[in-house]
There are 2 protein chains.
Amino acid sequence: MSTTAKAPTRRKRMPRAERERQMIEVAEAVFAERGYTAASMDEIAERVGVSKPMLYEYFHSKEGLLLACIRQSRAALREVTEEAVAQAASAEDAMRRGLRAFFVFIREHREAWSLLRHEMALIGTSAADEIEATRQQQTDLISNLLGALVGESDPIRAEASAEFVVGACERLAIWCERHEDITPEIVTEYAMDLLWGGLAQRATKIDTARPEHHSPR
Amino acid sequence: MSTTAKAPTRRKRMPRAERERQMIEVAEAVFAERGYTAASMDEIAERVGVSKPMLYEYFHSKEGLLLACIRQSRAALREVTEEAVAQAASAEDAMRRGLRAFFVFIREHREAWSLLRHEMALIGTSAADEIEATRQQQTDLISNLLGALVGESDPIRAEASAEFVVGACERLAIWCERHEDITPEIVTEYAMDLLWGGLAQRATKIDTARPEHHSPR
DNA sequence: GAAGTAACCTACTAGCAGTAAGATGGACTT
DNA sequence: AAGTCCATCTTACTGCTAGTAGGTTACTTC
């Protein structure tokens with residue numbers, strides 16, 4: 001076949017940094033496409049146009065390669081959200097811009113998002129820690145934003161609130177994938193509404209006697 | 001070695017159903033312990049005290065075995081939450097009891113929960129669908145509860161709200177794992193507070209959100 | 001106690017992660 | 001222009017694991 005995707009072009013040698021970027025790019029695609037387990041190092045090597053030991057030269061192991069992909073995605077997500085937050089005029093605006101940047105990111109970088117979202121059978125491995133670190137990054141960011149908005153005196157409660165926000169948004173992001181017509185702007189507003197007002201804001205029957213529990217502060 | 005865990009007892013033959021339960025039990029432990037990828041069918045077979053082809057006789061493949069484990073966990077979670085909700089006196093009480101049952105479950109069945117939580121490198125496989133189905137189950141349940149509590153006219157918004165709740169609670173559950181002192185009761189109240197009142201309830205600065213500039217240094 | 005069958009095993013194949021040891025090409029000197 | 005160096009890259013392997021073919025054993029039934 002003359003139309004084969006594998007061009008018979010002379011494989012060019014490349015400087016280390018460039019080859020590394022190329023490998024990560026291909027690996028990200030293959031991992032997202034086949035899943036970590038089903039992806040084979042042979043296939044990744046072939047798609048890059050290089051032999052398998054090169055992958056091991058650069059990333060030491062299959063998990064090392066995955067790790068590099070995750071770090072890359074995490075850095076991209078961090079950059080995008082921090083930039084968005086920095087442009088905000090107020091604390092509430094910061095939250096809104098941050099959420100919006102997140103939802104835009106996961107729409108435009110499906111493969112990267114797929115890597116971050118799927119936990120990949122890696123219990124007890126360093127890659128699992130890496131993914132958890134990504135969530136921690138998000139949680140810290142939210143925590144800072146909440147600190148500016150909500151005067152939460154109990155640090156444990158503040159932590160729980162941040163986790164709550166991260167989990168809710170992560171789930172909303174996955175939900176978005178199934179709804180092409182939901183734009184990042186729309187889902188951002190949904191999130192802001194639910195986060196701020198809670199469900200009570202939209203409740204019709206709730207006003208009847210909540211069982212008393214300690215009033216906050 | 002007289003103290004070996006593998007007793008030299010004559011391996012007893014068992015009826016199919018019993019052997020099946022035993023295999024699922026062991027597999028659940030091994031998957032949770034090592035992760036799906038690192039777990040080996042040989043080890044599972046050995047721990048059960050049976051040869052590998054037996055596992056394939058019963059579950060057809062490694063993924064089939066995982067699937068059986070997930071189905072088992074899902075059924076258990078469903079049973080527990082539905083039972084809790086059924087005992088409720090009001091819609092709000094149903095939500096509280098459901099949440100509490102969930103948090104208790106994930107504390108008492110760490111291995112099962114671990115299976116449901118980790119998505120296990122299974123993009124595009126039936127096991128991934130199965131895990132998603134578990135979340136769908138939770139989402140449907142929440143959806144029903146919300147229907148009784150909140151008069152949401154927009155069905156899309158109702159769906160988003162349910163996802164929001166599921167995601168937030170899932171994340172809170174993971175957070176709980178790191179805090180031995182947080183009981184299911186406490187986290188249930190956190191969740192109820194945040195879900196109902198939202199963050200606004202606890203906000204001190206939200207109404208006075210002045211465009212205070214976060215100076216870059 | 002012979003026959004039938006459900007439960008079980010030994011012994012293999014194929015394919016993937018990971019490695020050892022050597023080949024190649026380009027840059028830089030002289 | 002020719003020689004030297006070394007980063008880049010390759011071929012050819014090992015060991016381990018998912019999955020299978022075909023035979024064996026113990027329990028039940030008549």
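Chain letters run A, B, ... following the sequence lines, proteins first and then strands; every chain starts at 1. Atoms considered below: every heavy atom in the structure, side chains included; atoms not considered: hydrogens, waters and symmetry mates.
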S.K.: List every contact pair, protein side and nucleotides 3-7 of chain C side both N or O, where the distance is under 3.5 Å.
M.R.:
| from | atom 1 | to | atom 2 | distance (Å) |
| --- | --- | --- | --- | --- |
| C/dA7 | OP1 | B/Arg16 | N | 3.0 |
| C/dA7 | OP2 | B/Arg16 | NH1 | 3.4 |
| C/dA7 | N3 | B/Arg13 | NH1 | 3.2 |

S.K.: Could you give the CG-to-P distance, from B/Leu55 to C/dT10, as a whole number of Å?
M.R.: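 Whole-Å distance recorded here is 14 Å.
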S.K.: Listed by chain and number, what are the side chain to side chain donor-acceptor pair (under 3.5 Å) partners of B/Glu83, not counting sequence neighbours?
M.R.: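 Applying side chain to side chain donor-acceptor pair (under 3.5 Å) to B/Glu83 gives none.
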S.K.: Considering residues at least two apart in sequence or located in another chain, which fulfil the salt bridge (charged side-chain N to carboxylate O under 4.0 Å, His left out) criterion with A/Glu180?
M.R.: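 Counting only residues at least two positions away or on another chain, A/Glu180 forms a salt bridge (charged side-chain N to carboxylate O under 4.0 Å, His left out) with A/Arg110.
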S.K.: Specify the angle, to 10°, made by the local axes at the two ends of the helix from C/dG1-D/dC30 to C/dT30-D/dA1 when five pairs are taken at each end.
M.R.: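 It works out to 0° between the end axes.
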S.K.: Just wondering, do A/Ser73 and A/Glu28 contact through their side chains at under 4.5 Å, heavy atoms?
M.R.: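 Yes, their side chains come closer than 4.5 Å.
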S.K.: Just to verify, what does B/Glu43 make a salt bridge (charged side-chain N to carboxylate O under 4.0 Å, His left out) with, not counting sequence neighbours?
M.R.: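 Listed in chain order: B/Arg34, B/Arg47.
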S.K.: Taking only residues two or more places apart in sequence, or in another chain, which ones meet A/Arg16 in a salt bridge (charged side-chain N to carboxylate O under 4.0 Å, His left out)?
M.R.: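 Per chain and number, A/Arg16 pairs via salt bridge (charged side-chain N to carboxylate O under 4.0 Å, His left out) with A/Glu57.
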S.K.: Would you please name every residue forming a side chain to side chain donor-acceptor pair (under 3.5 Å) with A/Glu159, sequence neighbours left out?
M.R.: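 Listed in chain order: B/Trp175, B/His179.
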S.K.: Is the Lys NZ or Arg CZ of A/Arg171 less than 6.0 Å from the centre of B/Phe164's six-membered ring, within 45° of the axis?
M.R.: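 That pair does not qualify as a cation-pi contact.
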S.K.: Salt bridge (charged side-chain N to carboxylate O under 4.0 Å, His left out) with B/Glu108: which residues, sequence neighbours excluded?
M.R.: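 None.
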S.K.: Mark yes or no: B/Lys62 above the aromatic ring of B/Tyr36, with NZ or CZ under 6.0 Å from the six-membered ring centre and no more than 45 degrees from the axis.
M.R.: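 Yes.
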S.K.: Return a single string for nucleotides 15-21 of chain D, one symbol per nucleotide in 5' to 3' order, where B is base contact, S is sugar-phosphate-only contact and - is none, cutoff 4.0 angstrom on heavy atoms.
M.R.: ---BBBB
S.K.: Applying side-chain contact (heavy atoms from CB on, under 4.5 Å), name anything that partners A/Thr183, two or more places apart in sequence or on another chain.
M.R.: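 Residues passing side-chain contact (heavy atoms from CB on, under 4.5 Å) with A/Thr183: A/Glu185, A/Ile186.
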S.K.: For DNA chain D, which residues of residues 21-30 of chain B approach it to below 4.0 angstrom with any heavy atom?
M.R.: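 When residues 21-30 of chain B is checked for heavy atoms under 4.0 Å from DNA chain D, there are no hits whatsoever.
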S.K.: Go through the structure and list residues passing side-chain contact (heavy atoms from CB on, under 4.5 Å) with B/Tyr56, not counting sequence neighbours.
M.R.: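 Residues passing side-chain contact (heavy atoms from CB on, under 4.5 Å) with B/Tyr56: B/Met41, B/Lys52.
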S.K.: Do the side chains of A/Met54 and A/Phe59 get nearer than 4.5 Å, heavy atoms only?
M.R.: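 Not in contact.
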